[in-house]
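In what follows, chains carry the letters A, B, and so on, assigned in the order in which the sequence lines appear, proteins first and then strands, with residues in each chain numbered from 1.
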There are 2 protein chains.
Amino acid sequence: MATPEIKSVGKAFALLDCLAAEDDCVSLPSMAKRCGLSVATAHRLLATLEALGAVVHTGPGQYAIGLRMLDLTRRSSFETLLASATMPILSRITRTTGSTAHVAVLDSERMVTYIARSANRANRIPTTPGIKLEAYCSGLGKVLLADLSTDDRDTYLADGPFPPLTARTIITPEALDRELAAIRDRRFAVDDCEMFDNLRCVAVPILHPDGRVIAALSASQDSTELSRAQIQELVTQLTGHAAAISTKLFRRGSAPRAAH
Amino acid sequence: MATPEIKSVGKAFALLDCLAAEDDCVSLPSMAKRCGLSVATAHRLLATLEALGAVVHTGPGQYAIGLRMLDLTRRSSFETLLASATMPILSRITRTTGSTAHVAVLDSERMVTYIARSANRANRIPTTPGIKLEAYCSGLGKVLLADLSTDDRDTYLADGPFPPLTARTIITPEALDRELAAIRDRRFAVDDCEMFDNLRCVAVPILHPDGRVIAALSASQDSTELSRAQIQELVTQLTGHAAAISTKLFRRGSAPRAAH
DNA sequence: AACGCTGATCTCATAATCCGAGAACGCAGA
DNA sequence: TCTGCGTTCTCGGATTATGAGATCAGCGTT
């Protein structure tokens, strides 16, 4: 049998969810009902959470998330979490395929922010965590751009320019727009020596459960070591890893038990 | 007997504390030891937290705070928490003393940011939540300035100027420095019609358990209704309320049980 | 290739912990 | 004073958590 779950902890988080939901302050009985708990149990749990500083009881019918919760997340951010969650997987990709692997997100300026990487021996890509590079010319960037809203994408394409970094760089807004549509269609991007000569790269999206692209995962290799024929297999592998990352990040097991 | 605490929840938070502590990733056995838990128990709790998304197991010896924790605190901030925790107390102050009551913090520009207020009927003070006013001329501001480090205080005093808002406003850096020293000494500030004519105000610090001043609490009244003789009694009341707020915010009951 | 290490996972009987209905309480407004 | 709402408490019964140790899995070493 799988490891049994501590039910009290799940209930405590159900209550915390209620408090974090839009309505700022809720009463104990209403939270109890929403979480399928008896009033007595909800009270005990809230009293415990309050003693721990995770919840503050500010008055009748008023509970709120406490300072302790803020302290616990003070050193965390989506980026650092993504980095630590993906590092082991990046290492495995490098080990099994010989590629340099990257994870990146798109910032508000439409630049690609590199979150983490695992380099192979022949790595030539000058990425360090936190560095920002142009989006239009890399596999990661194109995957991330492909999921922009139509408006945002049009703005990006109109803003240009897209200077050529190699002979194969996509440099016209029209061609880039077609490329992004193709990427949305097949759910992965290929950078065929568009950023560096002789460097091929495959990138796939990392998805939020709601379908949004929240990050991208890529594997790069010298074009002498990654033939076009091998690309599809690499895509399959990366897609699996991307799904694993998504699962790891968003796993959420707390179906509120409906009381009789 | 007082409400019994759900022990599992306390243990879960002890583990979360380990993860939030400086060292980013720790192994299960080391966390178990640090929290005084058996390996089996720690494992069960971590598995539960992982299923809830509160913790991510990124690899052997690597656990980290999960996305769920970020989601729970997304809508919270110290300021909103302070506001909801103090509102009921501000109301009570207004009810029992007839004063207008305020809570405020100092921002990075040394301006007083008003967090919450409860106005009496004759209120003339134009404060709304989030508004920022000068610090040198109010009770709240002076309490907050008094706790600046010597360097920061000197910088503030040197930066000036301090334009007079009434005939009693403290306008020279020397006098303000002396006033702040006196406030540190007696642990409360009085604004004797320094900001508005005929408006007296008493302010006390709200303290972090480590002694730092993190916010201030004030009560203001028309000088015809608050004689200088009544000030000391008001201070006593406010001090009690400030201590109650501090307790409410920082309560922390999770002594890790030392295993035999 | 077998070894030893570290960390993670599982098993199971024991007993400690948690549960829930309902009653009582405190407070505020009608 | 009465009513309503939200909170707090009580207590026996049983679900639930506990912990030592065996097992498993991965990795770097001898």
Side-chain angles (χ1 to χ4, degrees), chain A residues 1-15 18-19 23 25-51 55-64 84 87-89 91-92 94-96 248 256-260, chain B residues 1-15 18-19 23-51 55-64 87-89 91-92 94-96 248 256-260:
Chain A
M1 199 15 226
T3 306
E5 293 188 4
I6 307 302
K7 316 233 171 126
S8 310
V9 176
K11 293 171 192 165
F13 273 85
L15 290 172
C18 279
L19 293 176
D23 0 79
C25 288
V26 251
S27 74
L28 191 156
S30 69
M31 291 173 66
K33 188 193 296 183
R34 199 177 315 182
C35 298
L37 302 172
S38 76
V39 183
T41 301
H43 172 249
R44 259 188 307 260
L45 284 166
L46 283 171
T48 303
L49 289 169
E50 190 182 10
V55 155
V56 182
H57 190 184
T58 55
Q62 296 191 302
Y63 291 83
S84 53
M87 259 323 291
I89 292 179
S91 302
R92 172 165 3 191
T94 298
R95 219 176 320 117
T96 59
K248 197 174 274 288
R257 199 78 66 254
H260 59 288
Chain B
M1 203 13 231
T3 306
E5 292 188 5
I6 308 300
K7 316 242 171 115
S8 310
V9 176
K11 292 172 192 165
F13 273 84
L15 289 173
C18 278
L19 293 175
D23 0 78
D24 36 10
C25 290
V26 251
S27 75
L28 190 156
S30 70
M31 290 172 67
K33 189 193 297 185
R34 202 176 313 183
C35 299
L37 302 171
S38 76
V39 185
T41 301
H43 172 248
R44 261 188 308 261
L45 285 167
L46 284 172
T48 302
L49 290 170
E50 190 183 10
V55 155
V56 182
H57 190 184
T58 55
Q62 296 190 303
Y63 291 83
M87 258 323 291
I89 292 178
S91 301
R92 174 168 358 197
T94 298
R95 218 176 321 118
T96 60
K248 196 173 272 290
R257 199 80 64 260
H260 58 288

Response to the item:
Closest to the 5' end of DNA chain C, once B:I6 and B:R95 are matched to their nearest nucleotides, is B:I6
Fill in: A:S91 side chain to A:M87 backbone, donor-acceptor under 3.5 Å
yes
Response to the item:
Rounded to whole Å, the CG-C1' distance (B:L15 to C:dA8) equals 15 Å
Item to complete: Please determine, for the side chain of A:T41, which listed nucleotide (C:dG20, C:dT9, D:dT7) has the closest atom?
Response: C:dG20
Item to complete: For the side chain of A:S27, starting at C-beta, report the closest nucleotide among D:dT16, D:dG6, C:dA8.
Response: D:dG6
Worksheet entry | Upstream residue (5' side of DNA chain D) when B:K11 and A:A40 are each assigned their closest nucleotide | A:A40
Worksheet item: Checking A:K248 side chain against B:H57 main chain: does a donor-acceptor pair fall under 3.5 Å?
Response: yes
Discussion item. Check whether B:T96 reaches the backbone of B:R92 with its side chain - one donor and one acceptor, N or O, closer than 3.5 Å.
Written reply: yes
Discussion item. On a heavy-atom basis, which atom in B:V9 and which in A:S8 lie closest, and how many Å separate them?
Written reply: CG2-O, 4.0 Å
Worksheet item: Can a side chain N or O of A:K7 be found less than 4.0 Å away from OP1 or OP2 on C:dT17?
Response: no
Worksheet item: Given that A:S8 and A:R44 both sit by DNA chain D, which one's nearest nucleotide is further toward the 5' end?
Response: A:R44
Worksheet item: Nearest of D:dC9, D:dT8, C:dT9 to any side-chain atom of B:H57?
Response: C:dT9
Practice prompt. Answer yes or no: does a side-chain N or O of B:H43 lie under 4.0 Å from OP1 or OP2 of C:dT9?
Written response: yes
Worksheet item: Can you tell me how far P of C:dG7 sits from CG of B:L28, to the nearest Å?
Response: 9 Å
Worksheet entry | Value in whole Å for how far the P atom of C:dG7 lies from CZ of B:R34 | 12 Å
Response to the item:
Taken to the nearest whole Å, CG/B:L37 to P/D:dG19 is 8 Å
Worksheet item: Is a donor on one side and an acceptor on the other found under 3.5 Å between the side chain of A:T48 and the backbone of B:I6?
Response: yes
Discussion item. Rounding to an integer number of Å, can you tell me how far B:L45 CG sits from C:dT9 C1'?
Written reply: 15 Å
Fill in: Integer-rounded Å distance: D:dC27 P and B:Q62 CD
12 Å
Worksheet item: So does A:Y63 get a side-chain nitrogen or oxygen closer than 4.0 Å to the phosphate oxygens (OP1/OP2) of D:dG6?
Response: no
